[in-house]
Amino acid sequence: MKNNHIKAYAVLAVVFIALIAASALGIADGFELLALPFTLVGRGLRWLSLSGDVGNAAAIVLYVLVSLSPLLLKLRKKWTARDILLPICSALMFYVLYCMINPGFRAQIIQNYLGDVAMAAAVYGVLLCWWMIGLVGSVGESDAGGVYGALRIFVFLFMVLIAASAAVGLGDCIKSIREVREGNTDPSAMLAPTNIFIAVSYAVKVLEYGLDIFLLHLSGGLLGELSADAYGEASCNAAKRLSKWCGKSVVIITAAAAALNIAQLLLAGMLYSLNFELNLPIGSVGLAFVLMGITRLLYQGKELKDDNELFV
């Protein structure tokens with residue numbers, strides 16, 4: 001279990017660092033990173049094809065192999081109805097990579113980075129659909145442990161998305177500070193309070209994101225215990241810890257948001273960039289209360305089970 005946690009946080013760290021690097025390089029606030037594998041392969045194959053006859057032949061072979069790569073997901077495995085999506089994904093890969101190699105072949109409206117993202121999203125969408133159909137089928141055929149396992153996957157995906165949002169937010173923070181500097185060129189202007197306030201605003205957002213990730217991490221641990229024994233002592237302890245941190249999280253997040261709203265008002269006269277925002281962390285607070293409600297249901301189920309055992 002501990003090794004799984006280390007691997008999960010390692011993935012979160014990679015996502016966070018990659019998106020920060022993308023934002024720092026000006027790669028479409030991190031979203032173009034989704035298309036980066038396709039754009040890099042396309043550029044590499046284009047360079048190889050233009051290097052000579054041998055390079056062109058190698059580029060064609062690699063182009064075909066990469067485009068057929070989705071079929072490897074069913075290598076030496078029995079095919080089912082949902083697997084028709086893999087040849088469709090492969091055909092889509094042929095088209096997308098050809099457009100990456102030959103940008104002039106695209107429609108005019110997608111001859112930019114948004115076009116790269118749109119084409120990559122089309123491939124990811126087919127693969128996601130294939131995976132989801134398989135996941136739904138496996139959950140339907142499995143016991144409660146399989147359902148908890150599937151939920152843990154989604155908990156981890158939510159953690160990745162939150163980490164990505166935090167990373168992209170850093171790019172927005174840096175951009176805001178840069179815009180303040182470029183928009184106020186007077187040497188006597190004191191920009192430090194404005195820049196500090198922008199940084200503190202981002203820090204409050206990171207605090208919210210961090211607590212969300214921590215609550216989801218505890219939820220994943222609870223799901224792991226539930227899959228082993230839904231009403232065991234370990235499950236109850238995990239539920240109590242999650243409920244406790246949900247309460248703390250609500251207090252911390254709402255207090256930080258209230259303090260930021262007050263500071264935004266009181267420091268208005270010192271700021272060169274006044275962009276009032278209503279900082280109400282509804283999503284994070286809602287997540288905490290939903291998790292608290294789930295743990296409450298677990299307590300009630302445990303109490304009902306204990307009562308039934310007394311009668312028996």
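In this chain, residues are counted from 1 in sequence order.
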Please determine whether the number of non-hydrogen atoms from other residues, nucleotides or ligands lying under 6.0 Å from atom CH2 of Trp131 exceeds 12.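 Atom CH2 in Trp131 is crowded, with more than 12 foreign heavy atoms closer than 6.0 Å.
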
Going only through I, L, V, M, F, W and Y residues with side-chain contacts under 4.5 Å, is there a path from Trp79 to Trp130? yes

If you look at every heavy atom in Leu242 and Leu215, which pair is closest and at what distance? CD1-O, 3.7 Å

Spatial distance of atom [atom1] ([X]) from atom [atom2] ([Y]) [nearest 0.5 Å]:
{"X": "Leu48", "Y": "Ile101", "atom1": "CG", "atom2": "CD1", "result": "9.5 Å"}
{"X": "Leu72", "Y": "Leu86", "atom1": "CG", "atom2": "CG", "result": "10.0 Å"}
{"X": "Leu65", "Y": "Leu71", "atom1": "CG", "atom2": "CG", "result": "11.0 Å"}
{"X": "Cys246", "Y": "Phe214", "atom1": "SG", "atom2": "CZ", "result": "10.0 Å"}
{"X": "Leu128", "Y": "Cys89", "atom1": "CG", "atom2": "SG", "result": "11.0 Å"}
{"X": "Lys205", "Y": "Leu260", "atom1": "NZ", "atom2": "CG", "result": "10.0 Å"}

Do [X] and [Y] have side chains that approach each other closer than 4.5 Å (heavy atoms only, starting at C-beta)?
{"X": "Tyr202", "Y": "Phe197", "answer": "no"}
{"X": "Phe38", "Y": "Tyr124", "answer": "yes"}
{"X": "Ile162", "Y": "Leu216", "answer": "yes"}

Paired with Met119, the side-chain contact (heavy atoms from CB on, under 4.5 Å) test is passed by just one of Thr39, Val96, Leu97, namely Val96

Among Leu211, Val204, Leu207, the one residue meeting side-chain contact (heavy atoms from CB on, under 4.5 Å) with Ile253: Leu211

Residues clustered with Val54, ILVMFWY side-chain links under 4.5 angstrom: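 Taking Ile, Leu, Val, Met, Phe, Trp and Tyr as members, Val54 stands alone, with no cluster partners.
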
Name all residues meeting the side chain to side chain contact (heavy atoms under 4.5 Å, CB included) criterion together with Phe94; count only those two or more places apart in sequence or in a different chain, and write none if there are none. Tyr63, Val64, Ser67, Leu68, Ser90

With sequence neighbours excluded, residues passing side chain to side chain donor-acceptor pair (under 3.5 Å) with Lys248: none

Quick one: side chain to side chain donor-acceptor pair (under 3.5 Å) partners of Arg106, sequence neighbours excluded? Asp116

Is it true that a side-chain atom of [X] and a backbone atom of [Y] form a donor plus acceptor pair closer than 3.5 Å?
{"X": "Ser69", "Y": "Val66", "value": "yes"}
{"X": "Asn56", "Y": "Gly52", "value": "no"}
{"X": "Ser243", "Y": "Ala239", "value": "no"}

Sequence neighbours excluded, which residues qualify as salt bridge (Lys or Arg N to Asp or Glu O under 4.0 Å) partners of Arg46? none

Checking Lys74 now: which residues fulfil salt bridge (Lys or Arg N to Asp or Glu O under 4.0 Å) with it, not counting sequence neighbours?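 For Lys74, the residues satisfying salt bridge (Lys or Arg N to Asp or Glu O under 4.0 Å) (neighbours in sequence not counted) are Asp83.
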
Using side-chain contact (heavy atoms from CB on, under 4.5 Å), reason through Arg43 and Met100 one step at a time and then give a plain yes or no. CA-CA 7 Å; Arg43 291 170 187 171; Met100 295 293 182; over 6 Å; no

I would like to know whether Leu85 and Leu127 meet side-chain contact (heavy atoms from CB on, under 4.5 Å); could you show each step before the answer? CA-CA 8 Å; Leu85 291 171; Leu127 287 175; over 6 Å; no

